[in-house]
Asks: 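The structure's right below; bear with me while I get my questions together.
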2 protein chains.
Amino acid sequence: MTTQSIAGPFQPGHNHKACVRDAMNIAEQLCQSKDLRLTKIRKRVLELVWAGHEPATAYQLLKKLRAEKENAEPPTVYRALDFLVEHNLVHRIESLNAFIGCDHPESEHVSQFLICSHCNQVAELDDSVTINHAVSEEAKRLGFKVSNQTVEIMGLCAACQ
Amino acid sequence: MTTQSIAGPFQPGHNHKACVRDAMNIAEQLCQSKDLRLTKIRKRVLELVWAGHEPATAYQLLKKLRAEKENAEPPTVYRALDFLVEHNLVHRIESLNAFIGCDHPESEHVSQFLICSHCNQVAELDDSVTINHAVSEEAKRLGFKVSNQTVEIMGLCAACQ
DNA sequence: AAAAATTTTGTTATATTATAACATAATAAT
DNA sequence: ATTATTATGTTATAATATAACAAAATTTTT
Ligand SMILES: [Zn+2]
Ligand SMILES: [Zn+2]
Ligand SMILES: [Zn+2]
Ligand SMILES: [Zn+2]
């Protein structure tokens, strides 16, 4: 698979069709290589998450899912999201109670986001060494052992300023 | 007022009584100086938040409040929390849907937390230049203008490792 | 001090987010 | 084929948060 999309939504010339296609291909590959079951429901929820770069809430996803699968209920979507989040195919944005697709689930990473409060688009920082290093430094000073982190930066993207 | 408590809960020799007393004194002073109304309810909710260094959920606070004020309802506590959060007397921890007292509301700052997943205690980093700088750097690279941030670091505190 | 305006609190109802529990179906392993 | 495991279906409910309007308290203006 070739990557024809341009990195984040805040980059000019973003090709979203290619972006989604890449994401789905990567997901298929990842699940195959790790022997995970990307079932029909999980795959469809992932596609729905990738509908845009605005994070989607579970109930927004449920509504869309119901349009094509009338017996979908909250557990249907929460279970799919649990799976997708567990395997880094989707990240949860804590400050929004919402979910966003990850475009590099295959590389182990912590997630860090830029969230535009005007257009609501979210970009994931690509494994920021800078922030990770700073976080480690601060933690070390207090003898704290980091296992996970939530870094969500709110503000205005270049286009919205 | 003198500060007799030791900085964070992860510091040995933390004197929590002094910690709470200091926090309440600072709150009183801040509200006086800014002409804010620290009403009976707001003050009591702040005290309840400061009961410990474990973040409290709104409904945990409500339960405690009800023990002494039987007509307390969700809006009672959410409104008080709105006020307290607005004026930095309390911070919301997004990843926990919970609230924690701030010991330096008078200095303008972004909040960043270390959250121990074993003892559940939370320490606020004291205006980490390191992390803030890293965040600005990353944001600048994408032409993103930061207005706010959520930095919540999960792991084990020194005592719990 | 009285009246008016503003802010806070009381109260009821409801919206939003998320999970528990147990049954059935599908898939994988033996 | 049988058994075990995983995923989904289904109903109910828990947990978090806000809307809307009335009453009370406080502050400001007259
Ligand atoms: Zn895209
Ligand atoms: Zn990611
Ligand atoms: Zn303390
Ligand atoms: Zn603070």
Side-chain angles (χ1 to χ4, degrees), chain A residues 27-28 31-49 54-87 89-100 120 150 152, chain B residues 27-28 31-49 54-87 89-100 120 150 152:
Chain A
E28 296 269 22
C31 290
Q32 202 144 47
S33 76
K34 289 196 179 173
D35 213 14
L36 303 173
R37 291 202 241 161
L38 188 60
T39 63
K40 206 174 154 189
I41 292 177
R42 290 166 176 174
K43 187 175 170 184
R44 188 66 188 122
V45 170
L46 182 58
E47 280 168 355
L48 292 173
V49 167
E54 300 182 32
T57 69
Y59 279 79
Q60 283 168 348
L61 295 168
L62 176 57
K63 191 175 172 188
K64 288 187 180 181
L65 195 59
R66 268 184 164 150
E68 53 203 53
K69 182 173 170 30
E70 59 187 18
N71 69 337
E73 295 291 342
T76 314
V77 65
Y78 277 105
R79 282 166 178 160
L81 287 169
D82 285 347
F83 170 88
L84 297 168
V85 167
E86 183 181 355
H87 299 294
L89 294 161
V90 161
H91 297 301
R92 180 181 158 81
I93 310 240
E94 300 293 344
S95 60
L96 300 175
N97 296 331
F99 300 84
I100 190 95
N120 297 317
T150 297
E152 297 170 6
Chain B
E28 296 270 21
C31 290
Q32 201 144 49
S33 77
K34 287 197 179 175
D35 213 14
L36 303 173
R37 291 201 241 162
L38 189 59
T39 63
K40 207 175 153 187
I41 294 177
R42 289 166 178 176
K43 188 176 170 183
R44 189 65 188 124
V45 170
L46 182 58
E47 280 168 355
L48 292 173
V49 167
E54 300 182 33
T57 69
Y59 278 79
Q60 284 169 346
L61 296 167
L62 176 57
K63 191 175 173 187
K64 288 187 179 180
L65 195 59
R66 269 185 165 149
E68 52 202 54
K69 183 174 168 32
E70 59 186 18
N71 69 337
E73 296 290 343
T76 313
V77 66
Y78 277 104
R79 282 165 179 162
L81 288 170
D82 284 347
F83 171 88
L84 297 168
V85 167
E86 182 180 357
H87 300 294
L89 294 161
V90 161
H91 297 300
R92 181 182 158 82
I93 311 241
E94 299 293 345
S95 59
L96 301 174
N97 295 332
F99 300 85
I100 190 92
N120 297 316
T150 297
E152 298 170 5

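Note on naming: letters A, B, ... go to the chains in the order of the sequence lines (proteins, then strands), and numbering restarts at 1 for each one. Just so it is clear, the model here is predicted, and its values are computed rather than measured. Because only heavy atoms are used, hydrogens play no part in the values below, and waters and symmetry mates are left out as well, while side chains stay in.
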Asks: So what does B:Lys40 hit on the nucleic acid, given a heavy-atom distance under 4.0 Å: a base, only sugar-phosphate, or nothing?
Replies: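 Answer is nothing: B:Lys40 stays at 4.0 Å or more from every strand.
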
Asks: Is there, by distance only and without an angle test, a donor paired with an acceptor across the side chain of B:Tyr78 and the base of D:dA19 below 3.5 Å?
Replies: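 Side chain to base: no pair below 3.5 Å.
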
Asks: Check whether any side-chain heavy atom of B:Leu81 sits under 4.5 Å from a side-chain heavy atom of B:Leu61, and report yes or no.
Replies: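 SC-SC contact between B:Leu81 and B:Leu61 confirmed.
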
Asks: Under 3.5 Å, is there a donor-acceptor pair linking the side chains of B:Arg92 and B:Asn97?
Replies: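 Looking only at side-chain atoms, B:Asn97 and B:Arg92 do form a donor-acceptor pair, the distance falling under 3.5 Å.
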
Asks: Rounded to the nearest angstrom, tell me the gap between atom CG in A:Leu96 and atom P in C:dT16.
Replies: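 So the CG-P distance, A:Leu96 to C:dT16, works out to 16 Å.
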
Asks: Using a cut-off of less than 4.0 Å, is there contact between a side-chain N or O of B:Arg92 and OP1 or OP2 of D:dA17?
Replies: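 Answer is yes, contact under 4.0 Å.
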
Asks: Looking only at side-chain atoms of A:Asn71, point me to the closest of C:dT11, C:dT17, D:dT10.
Replies: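 Nucleotide nearest to A:Asn71's side chain: D:dT10.
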
Asks: Select base, sugar-phosphate, or nothing to describe what B:Arg37 touches, counting heavy atoms under 4.0 Å on all strands.
Replies: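 Sugar-phosphate: the residue B:Arg37, judged by heavy atoms under 4.0 Å, touches backbone atoms but no base.
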
Asks: Using the side-chain heavy atoms of B:Arg79, tell me which of these nucleotides is nearest: C:dT17, D:dC21, D:dT16.
Replies: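 Output: D:dC21.
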
Asks: Taking CG from A:Leu81 and P from D:dA7, how many angstroms apart are they, rounded to a whole number?
Replies: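 The answer, rounded to whole Å, is 15 Å.
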
Asks: Atom CD1 of B:Ile41 to atom C1' of D:dA24: distance rounded to whole Å?
Replies: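 Between C1' of D:dA24 and CD1 of B:Ile41: 12 Å.
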
Asks: For the side chain of B:Pro75, counting heavy atoms from C-beta on, which of C:dT12, D:dT10, C:dG10 is nearest?
Replies: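 Of all the options, the side chain of B:Pro75 is nearest to C:dT12.
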
Asks: Are OP1 or OP2 of C:dT17 and a side-chain N or O of B:Asn97 less than 4.0 angstrom apart?
Replies: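 No, outside the criterion.
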
Asks: Could you give the CG-to-C1' distance, from B:Leu36 to D:dT26, as a whole number of Å?
Replies: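 Roughly 15 Å, once rounded to whole Å.
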
Asks: May I ask you to say what A:Arg42 touches in the nucleic acid, namely base, sugar-phosphate or nothing, with a heavy-atom cut-off under 4.0 Å?
Replies: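 Sugar-phosphate contact only - A:Arg42 comes under 4.0 Å of backbone atoms but never of a base.
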
Asks: Return the value, rounded to whole Å, for the distance between atom NZ of B:Lys43 and atom C1' of C:dT9.
Replies: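 Those two atoms, NZ and C1', are 18 Å apart.
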
Asks: Distance check needed: D:dT26 C1' versus B:Leu38 CG, whole Å only.
Replies: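 Rounded to whole Å, this separation is 15 Å.
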
Asks: For the base of C:dA18, is there a side-chain donor-acceptor partner from A:Tyr59 under 3.5 Å away?
Replies: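 In this structure, the two groups form a donor-acceptor pair.
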
Asks: Take B:Phe99 and B:Asp35, find for each the nucleotide of DNA chain D with the closest heavy atom, and name the residue whose nucleotide sits nearer the 5' end.
Replies: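 On the 5' side of the pair lies B:Phe99.
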
Asks: Evaluate whether atom CD of B:Glu68 has more than 12 neighbouring non-hydrogen atoms of other residues, nucleotides or ligands under 6.0 angstrom away.
Replies: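 Atom CD in B:Glu68 is packed in, count exceeds 12.
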
Asks: What is the distance, rounded to the nearest whole Å, between atom NZ of A:Lys63 and atom C1' of C:dA15?
Replies: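 Rounding to the nearest Å, NZ of A:Lys63 and C1' of C:dA15 are 14 Å apart.
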
Asks: Side chain of A:Glu73: nearest nucleotide among D:dG9, D:dT10, C:dT11?
Replies: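 Between D:dG9, D:dT10, C:dT11, the one nearest the side chain of A:Glu73 would be D:dT10.
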
Asks: Is there a side-chain polar atom (N or O) of A:Thr39 under 4.0 Å from OP1 or OP2 of C:dA26?
Replies: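 For C:dA26, OP1/OP2 do not have a side-chain N/O of A:Thr39 under 4.0 Å.
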
Asks: Any idea which of D:dG9, C:dA18, C:dT11 is nearest the A:Pro74 side chain?
Replies: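 Of all the options, the side chain of A:Pro74 is nearest to C:dA18.
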
Asks: Rounded to whole angstroms, how far apart are CD on B:Gln60 and C1' on D:dA15?
Replies: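 After rounding, the reported distance stands at 11 Å.
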
Asks: Contact between B:Thr150 and A:Glu94 at the side-chain level, heavy atoms closer than 4.5 Å - yes or no?
Replies: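 The answer is no, as the side chains (C-beta and beyond) never meet within the 4.5 Å cut-off.
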
Asks: Can you tell if the side chain of A:Leu62 reaches within under 4.5 Å of the side chain of A:Tyr78, non-hydrogen atoms only?
Replies: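 A:Leu62 does not reach A:Tyr78 side chain to side chain.
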
Asks: Would you check if A:Arg44 and A:Lys69 make a side-chain contact, meaning some heavy-atom pair closer than 4.5 Å?
Replies: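 Sidechains of A:Lys69 and A:Arg44: no contact.
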
